[in-house]
*Asks:* 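Structure below; questions to follow.
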Amino acid sequence: MKPDQKYKIEYQKLLKEVRTKSYEVVRLTRIKYFGNDHNFVDIRFYQRGFDDSGDEIYFPTKKGVQIKEELFMQIFDQYFIDNIENILNN
């Protein structure tokens, strides 16, 4: 694949959406691409705007990150385990 080409999405599933401001949300999405054995987790900011028919929609911004799902689970599993241990020990 050429560097300027984008992978085609096989499927994506919205896991969580949190409103951060009146015009902005953060979405946690699980994504699978054709031709790739890995699932990815995308954490991205979306900004409110309007489509051609005037309906309100949220557009993705460049603010965000996408990492392999396995790495995401390792990072956050350890974070939550550490947090639970701190809560139980205090």
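All residue numbers in this chain count up from 1 along the given sequence.
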*Asks:* About how many Å separate CD1 of Ile9 and CD1 of Ile31, when rounded to the nearest 0.5 Å?
*Replies:*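 Atom-to-atom, Ile31:CD1 and Ile9:CD1 are 5.0 Å apart.
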*Asks:* Are the side chains of Arg44 and Val26 in contact, using a 4.5 Å heavy-atom criterion?
*Replies:*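 SC-SC contact between Val26 and Arg44 ruled out.
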*Asks:* Please work out whether the ring planes of Phe40 and His38 are parallel, tilted or perpendicular, with thresholds of 30° and 60°.
*Replies:*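 Perpendicular.
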*Asks:* Let me check something: do Tyr46 and Tyr23 share a hydrophobic cluster, defined by ILVMFWY side-chain heavy atoms less than 4.5 Å apart, either directly or through other members?
*Replies:*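 No.
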*Asks:* I'd like to check Lys8 versus Phe34 (side-chain heavy atoms, cut-off strictly below 4.5 Å). Are they in contact?
*Replies:*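 Contact flag for Lys8/Phe34 side chains = yes.
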*Asks:* Within a radius of less than 6.0 Å around OH of Tyr11, do more than 12 heavy atoms belonging to other residues, nucleotides or ligands occur?
*Replies:*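 Counting neighbours around OH of Tyr11, more than 12 heavy atoms of other residues, nucleotides or ligands fall under 6.0 Å, so yes.
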*Asks:* List in chain and number order the residues that pass side chain to side chain donor-acceptor pair (under 3.5 Å) with Asp52, two or more places apart in sequence or in another chain; answer none if no residue qualifies.
*Replies:*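 Asp52 satisfies side chain to side chain donor-acceptor pair (under 3.5 Å) with no other residue.
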*Asks:* Can you check whether Val25 reaches Val18 side chain to side chain, under 4.5 Å on heavy atoms?
*Replies:*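 Heavy-atom side-chain distance check fails, nothing below 4.5 Å.
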*Asks:* Name each donor-acceptor pair under 3.5 Å that joins a side chain in residues 65-75 to protein atoms two or more places apart or in another chain, with its distance.
*Replies:*
residue	atom	partner	partner atom	Å
Gln66	OE1	Tyr33	OH	3.1
Gln66	NE2	Tyr33	OH	3.1
Gln66	NE2	Asp42	OD1	3.2
Glu69	OE1	Arg30	NE	3.3
Glu69	OE1	Arg30	NH2	3.1
Glu69	OE2	Arg30	NE	2.7

*Asks:* State which residues pass side chain to side chain donor-acceptor pair (under 3.5 Å) with Arg48; sequence neighbours excluded, sorted by chain then number.
*Replies:*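 Not a single residue meets the side chain to side chain donor-acceptor pair (under 3.5 Å) criterion with Arg48.
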*Asks:* Can you tell me how far apart CD (Glu10) and CG (Asn36) are? Round to the nearest 0.5 Å.
*Replies:*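 Output value for this atom pair is 9.5 Å.
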*Asks:* Can you measure from CZ (Arg27) to OH (Tyr58) and round to the nearest 0.5 angstrom?
*Replies:*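 Those atoms lie 8.0 Å apart.
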*Asks:* Applying salt bridge (charged side-chain N to carboxylate O under 4.0 Å, His left out), name anything that partners Lys63, two or more places apart in sequence or on another chain.
*Replies:*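 Salt bridge (charged side-chain N to carboxylate O under 4.0 Å, His left out) check on Lys63 returns Glu24.
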*Asks:* Before you tell me yes or no, could you show the steps for Val41 and Leu28 under side chain to side chain contact (heavy atoms under 4.5 Å, CB included), namely the whole-Å CA-CA distance, both residues' side-chain angles and the distance that decides it to 0.1 Å?
*Replies:* CA-CA 7 Å; Val41 174; Leu28 181 69; 3.3 Å; yes
*Asks:* When you compare the side chain of Ile57 with that of Phe59, does any pair of heavy atoms fall below 4.5 Å?
*Replies:*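 Answer yes - side chains close enough.
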*Asks:* Counting N and O atoms only, with roles assigned by atom type, does the side chain of Thr29 sit under 3.5 Å from a partner on the main chain of Lys13, one being a donor and the other an acceptor?
*Replies:*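 No, the answer is negative, given that no donor and acceptor are paired below the 3.5 Å cut-off.
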*Asks:* With sequence neighbours excluded, tell me which residues meet side chain to side chain donor-acceptor pair (under 3.5 Å) with Asp37.
*Replies:*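 Asp37: no side chain to side chain donor-acceptor pair (under 3.5 Å) contacts found.
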*Asks:* Taking side chain to side chain donor-acceptor pair (under 3.5 Å) as the test, write out the residues that go with Asn89, two or more places apart.
*Replies:*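 For Asn89, no residue satisfies side chain to side chain donor-acceptor pair (under 3.5 Å) once neighbours in sequence are set aside.
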*Asks:* Quick one: pull up CZ in Phe76 and CD1 in Ile81 and give me the separation to the nearest 0.5 Å.
*Replies:*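 Separation between the atoms: 13.5 Å.
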